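None of these values were measured; they are calculated from a predicted model.
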Amino acid sequence: VPHTLVLETFRDSFFPQQAEAIKERFEALKRDMRAAGEPDLIFTHRRDDAHQDHRVVSQLTWNTFRDQLTLEYEIPKWDGDLRTPNMYVRLDKAVTAKKTRLLMKHFGTQRNKHWFTADTFNALLRLRGLECASASGYAEGFHAYKVAI
């Protein structure tokens, strides 16, 4: 399955003021995706995330992509706004290590944050693993709405 990473240059911490331009970009992404076939799964921020930019992205995701399975992911951060997820994906230890390694490698803009450490991410994955009785001890938690099976 081919993957495409699209990076945009919207101004950090000003997404509410840029919502119209971001929505237009989401609609263009939707058109591009339809041309290639509908996505099976969409990941977005949690709809009630304390960070204003994250909330805007989540709201526009739900507004734009109405027919896809959408999972809202967790982001540990200074705001302390984690909630109990209602869906878990059990991870083995190798996937857990790779996920943490990739987070640390690819999110350079967050490296200066005191909470952005491998220990933070591993602790959250371990806690979610405990909550869903994962055999490996690790899991990722999501918030899922309108799941049709």
Side-chain angles (χ1 to χ4, degrees), residues 1-91 95-96 98-118 120-132 134 138-149:
V1 177
H3 294 60
T4 302
L5 178 62
V6 178
L7 300 175
E8 298 295 341
T9 57
F10 295 103
R11 187 174 174 199
D12 188 38
S13 300
F14 286 85
F15 281 26
Q17 293 81 6
Q18 302 170 89
E20 182 177 348
I22 296 169
K23 172 64 173 167
E24 288 173 0
R25 184 64 187 115
F26 272 43
E27 289 296 331
L29 284 170
K30 182 178 176 180
R31 284 189 301 276
D32 294 346
M33 286 184 205
R34 281 203 171 132
E38 293 287 337
D40 296 319
L41 177 61
I42 305 234
F43 293 99
T44 192
H45 302 83
R46 206 183 71 246
R47 63 179 64 187
D48 58 347
D49 192 299
H51 193 286
Q52 71 277 0
D53 290 356
H54 298 175
R55 279 193 313 273
V56 168
V57 169
S58 181
Q59 290 165 359
L60 294 176
T61 299
W62 281 98
N63 181 265
T64 305
F65 302 99
R66 295 173 180 252
D67 299 325
Q68 285 74 32
L69 172 59
T70 300
L71 300 180
E72 298 175 355
Y73 53 83
E74 301 182 285
I75 303 174
K77 57 187 172 305
W78 176 84
D79 300 275
D81 68 341
L82 292 174
R83 307 282 189 269
T84 302
N86 62 0
M87 182 185 160
Y88 297 86
V89 175
R90 293 179 174 115
L91 305 176
V95 169
T96 298
K98 183 175 182 180
K99 176 182 176 60
T100 302
R101 186 175 67 254
L102 292 173
L103 282 168
M104 302 312 297
K105 178 180 177 183
H106 293 291
F107 285 85
T109 60
Q110 301 303 306
R111 286 190 200 116
N112 66 338
K113 308 287 195 291
H114 71 278
W115 55 266
F116 194 83
T117 66
T120 299
F121 294 106
N122 286 328
L124 182 58
L125 294 170
R126 178 66 185 107
L127 179 63
R128 297 312 182 211
L130 177 150
E131 291 172 348
C132 72
S134 174
Y138 297 94
E140 189 156 10
F142 294 96
H143 298 267
Y145 306 91
K146 294 188 175 188
V147 175
I149 298 175

From [X] [atom1] over to [Y] [atom2], what is the distance, rounded to the nearest 0.5 angstrom?
X: L60; Y: E27; atom1: CG; atom2: CD; value: 9.0 Å
X: R25; Y: L29; atom1: CZ; atom2: CG; value: 4.0 Å
X: R126; Y: S134; atom1: CZ; atom2: OG; value: 8.5 Å
X: H143; Y: Y73; atom1: NE2; atom2: OH; value: 12.5 Å

So, T117 and T120: side-chain donor and acceptor under 3.5 Å apart, yes or no? yes
Only pairs at least two apart or in different chains count here, so list each salt bridge (Lys or Arg N to Asp or Glu O under 4.0 Å) that has a residue in [range].
range: residues 105-117; answer: none
range: residues 140-149; answer: K99-E140
range: residues 64-74; answer: R47-E72, E74-R128

Taking all non-hydrogen atoms of both residues into account, name the closest pair between [X] and [Y] and its distance.
X: V57; Y: T61; result: O-OG1, 2.7 Å
X: W115; Y: F121; result: CZ3-CZ, 4.1 Å
X: A118; Y: M104; result: N-SD, 3.7 Å
X: M87; Y: A144; result: SD-CB, 4.0 Å
X: D81; Y: I75; result: OD1-O, 4.4 Å
X: C132; Y: Y88; result: CB-CG, 3.6 Å

Compare all side-chain heavy atoms of [X] with those of [Y] and state whether any distance is below 4.5 angstrom.
X: L69; Y: I42; answer: no
X: V95; Y: Y138; answer: no
X: V56; Y: H45; answer: no

Chi angles and distances behind the side-chain contact (heavy atoms from CB on, under 4.5 Å) call for R31, R34: CA-CA 5 Å; R31 284 189 301 276; R34 281 203 171 132; 5.8 Å; no
Taking atom CZ of F107 as the centre, report whether more than 12 heavy atoms of other residues, nucleotides or ligands fall under 6.0 Å from it. no
Decide side-chain contact (heavy atoms from CB on, under 4.5 Å) for L71 and L41; before the verdict, give the C-alpha distance in whole Å, the side-chain angles of both, and the deciding distance to 0.1 Å. CA-CA 8 Å; L71 300 180; L41 177 61; 3.8 Å; yes
Extract all donor-acceptor atom pairs below 3.5 Å that involve side chains of residues 10-22 and protein atoms in other chains or at least two apart in sequence.
unit_1: Q18; atom_1: OE1; unit_2: R11; atom_2: N; d: 3.1
unit_1: Q18; atom_1: NE2; unit_2: R11; atom_2: O; d: 2.9
unit_1: Q18; atom_1: NE2; unit_2: F14; atom_2: O; d: 3.0

Run L82 and L124 through side-chain contact (heavy atoms from CB on, under 4.5 Å) and show every step you take. CA-CA 10 Å; L82 292 174; L124 182 58; 4.0 Å; yes
Backbone of T64 reached by a side-chain donor or acceptor of K30 within 3.5 Å: yes
Taking salt bridge (Lys or Arg N to Asp or Glu O under 4.0 Å) as the definition, give me every residue that meets it alongside R83, ordered by chain and number, with sequence neighbours left out.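 For R83 the salt bridge (Lys or Arg N to Asp or Glu O under 4.0 Å) partners, ignoring immediate neighbours, are D48.
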Walk me through whether D40 and Q68 qualify under side-chain contact (heavy atoms from CB on, under 4.5 Å). CA-CA 6 Å; D40 296 319; Q68 285 74 32; over 6 Å; no
Ring pair (Phe, Tyr, Trp, His ring centres under 6.0 Å) involving F142 - partner list, sequence neighbours excluded: F43
